[in-house]
Protein chains: 4
Amino acid sequence: MTEKQEKILSAAKILFSERGYSSTSTSAIAKAAGVSEGLIFRHYGNKEGLLLEIIREGEEVVKAMLFPIIMESDPKKVIKRTIELPFEVREEDYDFWRLQFKLKWELKNYSHEKMKPLEISLTSAFKQLGYRSPELEAEYLIIYIEALGEAILKNLLHDKQNMKLFLLQKYNV
Amino acid sequence: MTEKQEKILSAAKILFSERGYSSTSTSAIAKAAGVSEGLIFRHYGNKEGLLLEIIREGEEVVKAMLFPIIMESDPKKVIKRTIELPFEVREEDYDFWRLQFKLKWELKNYSHEKMKPLEISLTSAFKQLGYRSPELEAEYLIIYIEALGEAILKNLLHDKQNMKLFLLQKYNV
Amino acid sequence: MTEKQEKILSAAKILFSERGYSSTSTSAIAKAAGVSEGLIFRHYGNKEGLLLEIIREGEEVVKAMLFPIIMESDPKKVIKRTIELPFEVREEDYDFWRLQFKLKWELKNYSHEKMKPLEISLTSAFKQLGYRSPELEAEYLIIYIEALGEAILKNLLHDKQNMKLFLLQKYNV
Amino acid sequence: MTEKQEKILSAAKILFSERGYSSTSTSAIAKAAGVSEGLIFRHYGNKEGLLLEIIREGEEVVKAMLFPIIMESDPKKVIKRTIELPFEVREEDYDFWRLQFKLKWELKNYSHEKMKPLEISLTSAFKQLGYRSPELEAEYLIIYIEALGEAILKNLLHDKQNMKLFLLQKYNV
DNA sequence: GATGAATGAGTTTTCATTCAT
DNA sequence: TATGAATGAAAACTCATTCAT
């Protein structure tokens, strides 16, 4: 990947996340990236190709984030680290994550498969801890974690730290 | 509101919810509504005016949904009915709700104030039931309910009925 | 057909015939027609739609030209009028015809069916006049007439009048 | 001429003949030739330079084809071999010839001078054979031969062999 | 109230050409 | 000689909006 290619990518991430995919023009991306508009098309074929590349990257980041949790054997730790996930997002990555959430709504067929491995790990963890409905607990927690992430990104949460402790207590982890 | 005006509105709701606001052209709306393109502008001034009208309607529907819960005095019932909210959405209204969720991401300042009254009611309910952190519990539940709605609209929930019972049990309501 | 629509069409005819279809930009057409570029697309969908409309018109003109010949019962007159065809083209229509010839080469599937009725008439005429291979004579003459048209449009013919007489003599009509 | 140069040339010939000169992009040529886009410009200066080279080659091929006819002293043989010309084109050379015909229409001043020597030979042949208007006969035959070539390249001729015999008979050669 | 022709600015995309390596 | 990244201008096409009827 050339330097300009990266500039395009990062400009696109910022703009897509700020304005949404279809409200962002390729000319705006080119300007922000400091490259000619044509270059976007040379490297990514078309506007959608650029988006796809960003999505692909996003999927890899998610995978990398989930990996250590999935590898974890201690069930309590699996739950604990899952809860901690949304609180660990750094402010400098907010743009990136906002984009991922936005795309979930903007794209027709945005894959929701990324979380499957985590769901399996959580189900197993809840089972080991003797929960009555481990599958539902896992599904429940994942939905919640995603919603929490959304709330954090939008600054809707009154007190992040407190909410985190509250949740860890709730699950006794 | 004339018949054509309604047709415009309902076509716009469907298209906005399917493709998003900025990916939907006024000409597509006019075609879907079976009216001339000019008419949209006669009635709603511009594309954004049409959107605002839809948002206004949405807010009213939300208010109407929350009203009976807020009026409820029995704290257990407040929680119960809050949990039941996302499960009561009729399939024929999915388009409408999908649009509301989409707009949350597409619009810069889509109001999140709509849920404030419910938050107050829930806080009070949790307090009455002796919960240790009623504010956090209320915030938590609202975030969860919204996430659940999202999951239901996207057909991500494996077993709606079971999840509902699971939640009611969890809150002992 | 509105006035502007006609202006677009006639500007397109001139420019396509002068520069060829793919070397003519829609913006050049719009400028020449004195309309906005967008109007071309509103009326004809896309550049090719505009071309198709021109082709359709061309086919009608050809049909109209051939009609009186096909209706002719006197075999000698059928041949005579066929030969005269290319010599009757008015200079003001050269643009139009040049375009038709150009398109034969520029379009993948330009229909050559237009001449079929004339071929049938000619075959019958040659048969009535006792020619030995009427089908070949008809095919031969049509190819020749088209080539002659081409030569005339390109001003390659040294002496049109003389050539016409020469041909009429050759066929004894 | 290097190997890559030849590849460019032959790719260009094919593409120009299939799509026309202005509808063929240099990038398409480069891709088809398996070379970098820059190389075209290194070797031929610009797109037109490439075209000119192709035209030059075409003119040489035409010259070479006409040479033996022009050298022919027997008038009957001059006519005979002229008639046979379009029937001798090998199918593998169709692309090449299609391109020559296409260019006649696409280029403003595509030279029609190539046939001049043949016209002189034919005029002289017809004169020797006592034809009344040898100049017209020569002009007539050349126009016809070109049209025949066109028809053959487009597969419009019902029966090539028969047409050839028919023509040879017509001219009694 | 309703139509649909028309616009102009903007969008995505293409393309011939240059240039550093 | 050869590559391929990069450009800038122009191409095709879209779209919100206006306006005469």
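Below, read A as the first sequence line, B as the second, and so on, with proteins coming before strands; counting in each chain starts at 1.
- Residues passing the salt bridge (Lys or Arg N to Asp or Glu O under 4.0 Å) test with Glu57(A) are Lys13(A), sequence neighbours excluded.
- Side-chain contact check for Phe16(A) versus Glu106(A): every heavy-atom pair is 4.5 Å or farther apart.
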(message) Dot-bracket for DNA chain E, please. Rules: Watson-Crick or G-U, both distances under 3.5 Å, ( ) within the strand, [ ] when a pair crosses earlier ones, | for another strand, . otherwise.
(response) .||||||||||||||||||||
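- Scanning DNA chain F 5' to 3' for nucleotides with an atom closer than 4.0 angstrom to a non-hydrogen atom of chain D gives a first and last hit of dT1(F) to dG4(F).
- Stacking of Lys47(C) on the aromatic ring of Phe41(C) is not recorded, the 6.0 Å distance cut-off and the 45° axial limit not both being met.
- Rounded to whole angstrom, the span from the NE2 atom of His43(A) across to the C1' atom of dC15(E) amounts to 16 Å.
- Listed in residue order, the members of residues 18-38 of chain A having a heavy atom less than 4.0 Å from DNA chain F are Val35(A), Ser36(A), Gly38(A).
- With the nearest nucleotide of DNA chain E identified for both Phe41(D) and Arg42(C), Arg42(C) has the one nearer the 5' end.
- Side-chain N/O atoms of Ser27(D) and Glu37(D) include no donor and acceptor closer than 3.5 Å.
- Within a heavy-atom distance below 4.0 Å of DNA chain F, the residues of residues 2-13 of chain D found are Thr2(D), Lys4(D).
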(request) List the steps and the verdict of side chain to side chain contact (heavy atoms under 4.5 Å, CB included) for Asp93(D) and Val61(D). (result) CA-CA 11 Å; Asp93(D) 293 334; Val61(D) 173; over 6 Å; no
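- By the neighbour-count criterion of 12 heavy atoms within 6.0 Å, atom CD of Glu48(B) is sparsely surrounded, having that number or fewer from other residues, nucleotides or ligands.
- For the atom pair OG1 of Thr26(B) and NZ of Lys31(B), the computed distance is 10.5 Å after rounding to the nearest 0.5 Å.
- Atoms OH and CG, on Tyr44(C) and Leu39(C) in that order, are 8.5 Å from each other to the nearest 0.5 Å.
- Distance CD1 (Ile40(D)) to P (dC15(E)): 13 Å, rounded to an integer number of Å.
- No salt bridge links Lys63(D) with Glu60(D); every basic N to acidic carboxylate O contact stays at or beyond 4.0 Å.
- Here Glu150(C) pairs with Lys154(C), Lys104(D) under the salt bridge (Lys or Arg N to Asp or Glu O under 4.0 Å) rule; sequence neighbours left out.
- Between His43(C) and Thr2(C) the shortest side-chain heavy-atom distance falls below 4.5 Å.
- Within a 6.0 Å radius of CD in Glu3(C), other residues, nucleotides and ligands contribute 12 heavy atoms or fewer.
- Without hydrogens or angle criteria, Lys114(A) side chain to Glu59(A) main chain gives no donor-acceptor distance under 3.5 Å.
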